Amino acid sequence: MQVKPFTDTPIKYLEYDGKPLSDIKDLGLSSDDYLRMYRWLVFARAVDDRCYILVRQGRSGFFAQIAGQEASQIGSALPLRQQDWMYGDHRSQGSLMVKGLKASEWFAHQLGRSLDPSQGRLMPHGPGRRDLNMVPPSSTVGNQITEAVGTAMAQYIKKSDGITICYFGDGATSEGDFHVGMNFAAVYNSPVILFCQNNQYAISVKLEEQTHTKTIAEKAKAYGMEGYLVDGNDILAVYAVTKHCADKARAGRGPSLIESYTYRYGPHSSADDDTRYRPKGELEMWRTQRDPITRFRSFLVNQKLWDEKKEEALVADVKAELAIALAEAEASPVPEMMTVLDHTYAKYTPQLEWERKELAAELGV
Amino acid sequence: MQVKPFTDTPIKYLEYDGKPLSDIKDLGLSSDDYLRMYRWLVFARAVDDRCYILVRQGRSGFFAQIAGQEASQIGSALPLRQQDWMYGDHRSQGSLMVKGLKASEWFAHQLGRSLDPSQGRLMPHGPGRRDLNMVPPSSTVGNQITEAVGTAMAQYIKKSDGITICYFGDGATSEGDFHVGMNFAAVYNSPVILFCQNNQYAISVKLEEQTHTKTIAEKAKAYGMEGYLVDGNDILAVYAVTKHCADKARAGRGPSLIESYTYRYGPHSSADDDTRYRPKGELEMWRTQRDPITRFRSFLVNQKLWDEKKEEALVADVKAELAIALAEAEASPVPEMMTVLDHTYAKYTPQLEWERKELAAELGV
Amino acid sequence: MATTAAAEKQTTLSTMVQAVRSALIDEMTLDQNVVTLGEDIGPRGGVFLVTEGLIDKFGKDRVIDTPLSELGIIGAAIGMAVYGLRPVAEIQFIDFLFPGFDMLVSEAAKMRYRSAGQFACPMVVRSPYGGGVRGGGYHSQSPEAYFVATPGLKVVAPSNPYDAKGLLIASIRDDDPVVFMEPKKIYRFQKQEIPNGAYEVPIGKAAVAREGKHVSIITFGAMVTLALEAAEKMKADGVEVEVIDLRTLQPYDVDAIMNTVAKTGHVVLLQEAPRIGGFMGEIAAFIAEEAIEHLEGPIVRVAGWDTPFPYALEKAYMPNVTRITRAIKKTLNF
Amino acid sequence: MATTAAAEKQTTLSTMVQAVRSALIDEMTLDQNVVTLGEDIGPRGGVFLVTEGLIDKFGKDRVIDTPLSELGIIGAAIGMAVYGLRPVAEIQFIDFLFPGFDMLVSEAAKMRYRSAGQFACPMVVRSPYGGGVRGGGYHSQSPEAYFVATPGLKVVAPSNPYDAKGLLIASIRDDDPVVFMEPKKIYRFQKQEIPNGAYEVPIGKAAVAREGKHVSIITFGAMVTLALEAAEKMKADGVEVEVIDLRTLQPYDVDAIMNTVAKTGHVVLLQEAPRIGGFMGEIAAFIAEEAIEHLEGPIVRVAGWDTPFPYALEKAYMPNVTRITRAIKKTLNF
Ligand SMILES: Cc1ncc(C[n+]2csc(CCOP(=O)(O)OP(=O)(O)O)c2C)c(N)n1
Ligand SMILES: Cc1ncc(C[n+]2csc(CCOP(=O)(O)OP(=O)(O)O)c2C)c(N)n1
Ligand SMILES: [Mg+2]
Ligand SMILES: [Mg+2]
């Protein structure tokens, strides 16, 4: 099956019941690959559930769930290589973990502990790791887009064989950043994938209130770029489309916009009340008939790769791994008070030196 | 002839040699209307030439010529009504004058005299007049776009039968303002015309370096809006397309993007040196084979409405009118020094009161 | 003030969130030209529920849920204001105003001046600001310095529910663009009896939040509460602290500042924002130029540190009573 | 400095425009990671011809003509900088930086902090600023206050060709984002002998532009020239004016300020920008807190008026010798 831009309906590889729609052989994925994919899905959902509890227990101040969007995030991160760069947004921890962020680091990020690669300097919606080429996002929706394009421009200038992927939501497409990033990417034919997780809501604002087009993918036409519409709850389809765009970028054939059509199960964040704006029944429909994990599990069963016993074993295994990860995170201390002034500049300025003395006196240290 | 969006080639009513391409009757324009149009074209070109000289003589500090774009500006302003709002940019004096700005006011604007409706408070690229619903642009490319859409939103909220037109250039389409304005206009179905004068350059940057699409008009697709591509040097075509979009907006059928394909003869501004970036021969071709004024004059001749004698009379008449206008402008004084502090706020703040005393002392008045 | 007002007319016990909502409802009822626009302000009622219920009352033409663009929100508000409406734009967190910063400083602030008074921008940009809510670097900032440094803008920041309602109504009625900064940390911190129906608290007038004769703390917004705590603390040591709540930062109240400096001769300037280039530098400069003869000690600034706003270490970052009392001693023991 | 340097090595007589160009050429030659991007900087050579000839020398991968978007220019520069390049972004006029302001203050300034030092933004945003060129409200502004109020940014503004080259090279080599403000009024005002080849003028160090013992004018950029004029004028009345050229506004040179205040006891702060909320308020606050015991008169600010920048009445707006001498008398006759 061939991956084409601007399809009228989302590209699918699997029926909702998990039946393969077409010849999936040419994906070149082995049974082990499938099982790896599935473990990631279950793992991501488990991390999500755990963080949700941490917030409920008041141990973490903020959390944005990815539940429902696991296929979208994991399927798009798996085709990437070590040398590729990743820009996440406030809802992309699934992709970050596939790229190499440890669950223990994510938990530490949630808890604001030193094991957090960003040392508790960001509201917990995504730390960065230099060694993984993973840039930490600000909270300002859309800002990562032109940055990602700039990184891709640098990869081109430096003749690197790396590419860059940038995650953002449907709401972010209304910001100037999306427009400018798309335009720069197209003008410089940069090796970048602009990956839009269209979960149909920007907090309470529905896509039809956000923009007057039916899809996000078609917006690529305004930039002379290819736009791909994919079923974001079909991990094989997301994998195939992202792989296609990554190969294309690596081959110097330029940028792509991918719209991954999906749905979020949780409220916008732990601070939101989604009952105020969600039409009733909608969430139920997606949970029961569109769930990306159930769908892929059915595929595995359909392929005779999975059964109850394996499921139980996996769940137990993941549970154990996360228990250890959380323990590690909690074992790591809260950053030292005095470090609050660090890393503002490469070196302390005279003004910050003065403030360091003031703070020390204030803390009595 | 019917006006359609997204044509492959610019909508034309006249051949380059002035022959009508199709039945122009349904434009509903009388011979007098044609002659009025022609006078405007000649008038605008004459103002342009005069201002160019003012700068050369060092009597004006800055000027952005419209030469070559007269049909684009006059053809798009003629279909508007008194109650309609107009947002110009730094190169739209032709449209401003059709809307009601006097040549004497424009000259005063060039010279920074009190007769300038903006009282010499802006670099001379467009004053505003409240009584004409004409908002003065800042110099910041693109900023007028979301403002124009906001005004159109207000017209809708207030159930006015007025509409809003907004002028900007091809370069402005790269700013976030264009994207956001287009999106808001489409989402709220606002009565606005976003009129892009594509003169193929943003200072030295050619359209193909500015964006990766062939046309500006097709960008409307990213917003679920109609985009019209018109030959900006064919005043009848520009008039027809703008009229069509104005009627549509007035009827509550929403916004339109118009790309008026044209060419500027002068440097970007009096501060520019266009020999550095213009391929030789290009300017000559446009001047000699695409000139909007020559083209419309040929049409008038073709329609038996024009001859040498009439031309001489018109030129003399315009010359005389502008001589008077310039004299008026020069007769008006430079604004009083002390007025520099006025109109920062509706009322003077204590801080400005203090500064007023300081300035008076400094000036010894 | 709240109590006297309560005595006169019927009042409602309100948090600052309720006070702001009440200001919007009263003004939108009185003036058909007042509209409000922003992200999630419709059915969602805004992320802090300030606009809860407004869309049912006034409909979607006047309570406008916008696409996710601050540039669009502020730009559209400007276009509405020059047309003759009085838009109140909500920016979800003031940290997110910056995609629309150009529209505010290049357009709203300069429209009256560049049109020689022909066009005005009677609009309000209201937004929650400030720290102490575990919001991290992008849900905690106090960027007033940027707005105060922009001629053409007015800047207002209430410290209690009564002022919040009165100042917002005054801001909506003001003929110039006003940045209305709402201290989110105290959105629900305190309830006050506030009058039902519209009333104004004048822009440009400070309030004496506490009388004292030894040292003056000049501050605004959420920091007023902290200043009062510190004042209470100092009382033990026999130091009587006067607390000035500026309420309006641009144009600030020169008389109130002159009076308190003349009275105490010792000044502590308190803000949440980083110290360097912060708004309080302006107040220090004003005093050092116009009231230096009254000074009996250094003008001491208490502020956030000169770093981005942290997350886990917010406590070490934000001004606290200790930081303030150390500053008071610094100027007194001079 | 220029002369001693001239003595040592081969030099070229240069305007500030030529000095800035020479800095770019030398650094791009020495460091393959240095690239420059902006509007019209390619074949056009930039509207002030600063980048003239660079595209022929370094090619279009390193001299990048961009679409018309400051958001894109600054955003792309950030993405390049975190990757490991050292981009120099040109903003055609600093008045037009604001569509990209969010990227500068929310991203470049905070990248190092929020990543706990893992990622840096070694980039320069260079742009012509300031009035006196009949540029009107949008080609004349001095917005340094916004940048100085943003921790994480450094702010540099040279006053002569020699410093312009040395400070720009230091800025490109600096590991933090630097806003490099070029005083366009004096782009071609003066020629100086400047060394061929790269040299640095250190960031964070002020210069004494003129020695004096009665009063100190603290300023930077194009205003240094004006301050020297005023100093010459005051000499007639027997007043010896010291002129401090800050050169770096963030982090500013605290020692240089302490020294001159201790020496003269009288301070005039000079900037082009509007007074209220301006950068000089910071210097006043610093002095009023740390050096008040040395003050023998009020700290007087000389600045542009608190209005948008005018066009026809530029002369009445901008600081001039009269405004400065009046200020000097105000602090001396105290
Ligand atoms: C510039 C900016 N404006 C507003 C916000 C507040 N906010 C945070 S997330 C969000 C909605 C984002 O929606 P979308 O882009 O669809 O991503 P999603 O949350 O659905 O994954 C908003 C409005 C912000 N963080 N930044
Ligand atoms: C935000 C901003 N950036 C840069 C400039 C400098 N500038 C003035 S006009 C112009 C080019 C505009 O091109 P276009 O939009 O095509 O309009 P044209 O001049 O061709 O009519 C530029 C870069 C500006 N005024 N504003
Ligand atoms: Mg979404
Ligand atoms: Mg153009």
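All chains are named by letter (A, B, ...) in the order of the sequence lines, taking the proteins before the strands, and each is independently numbered beginning at 1. Keep in mind that this is a model prediction, so the values were computed, not measured.
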In terms of heavy-atom proximity below 4.5 Å to chain B, should [X] be classed as side chain, backbone, both, or neither?
X      : result
D:E70  : both
D:K330 : side chain
D:I41  : neither
D:S140 : neither
D:L71  : neither

Residues of residues 102-111 of chain D near chain B, each having a heavy atom less than 4.5 Å away | none
Are any non-hydrogen side-chain atoms of B:T344 and D:D306 less than 4.5 angstrom apart?
->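 They are not in contact (no side-chain heavy atoms under 4.5 Å apart), so the answer is no.
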Does the side chain of D:L49 come within less than 4.5 Å of B:R276's, by heavy atoms?
->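 Result yes, sub-4.5 Å side-chain heavy-atom pair found.
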For the atom pair [atom1] ([X]) and [atom2] ([Y]), what is the distance rounded to the nearest 0.5 Å?
X      : Y      : atom1 : atom2 : value
B:M338 : D:L313 : CE    : CG    : 11.0 Å
B:Q351 : D:R275 : CD    : CZ    : 7.0 Å
B:E209 : D:I64  : CD    : CD1   : 13.0 Å
B:W354 : D:I276 : CH2   : CD1   : 8.5 Å
B:H125 : D:Y138 : NE2   : OH    : 9.0 Å

Non-hydrogen atoms of chain D under 4.5 Å away: do they reach the side chain of [X], the backbone, both or neither?
X      : answer
B:D272 : both
B:L352 : side chain
B:V340 : both
B:V334 : side chain
B:T173 : neither

Sequence neighbours excluded, which residues qualify as side-chain contact (heavy atoms from CB on, under 4.5 Å) partners of B:S60?
->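 Per chain and number, B:S60 pairs via side-chain contact (heavy atoms from CB on, under 4.5 Å) with B:L54, B:V55, B:Q110, B:P124.
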Minimum-distance pair of heavy atoms, taken over all atoms of [X] and [Y]:
X      : Y      : value
B:M337 : D:A316 : SD-CB, 3.4 Å
D:S69  : B:S174 : CB-O, 3.6 Å
B:L122 : D:Y311 : O-CD2, 3.4 Å
D:R134 : B:R59  : NH2-O, 4.4 Å
D:R44  : B:S204 : CB-OG, 3.4 Å
D:P67  : B:Q210 : CA-OE1, 3.1 Å

Hey, is D:R323 close enough to B:E358 for a salt bridge, meaning N to O under 4.0 Å?
-> no
Heavy-atom pairs under 4.5 Å with chain D are the metric here; pick the option from B:L341, B:V205, B:I203, B:T211 that has the most.
->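 If we count pairs closer than 4.5 Å to chain D, B:I203 comes out on top.
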Neighbour count above 12 (heavy atom, 6.0 Å) for [X] [atom1]:
X      : atom1 : result
B:R278 : CZ    : yes
D:K57  : NZ    : no
B:E336 : CD    : no
D:K185 : NZ    : no
B:Y265 : OH    : yes

For each of D:Y317, D:F98, D:F96, tally heavy-atom pairs with chain B at distances under 4.5 Å, and name the one with the top tally.
->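 Heavy-atom pairs under 4.5 Å are most numerous for D:F96.
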Who among D:V133, D:D65, D:N320, D:V47 has the most heavy-atom pairs with chain B under 4.5 Å?
->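 The answer is D:N320.
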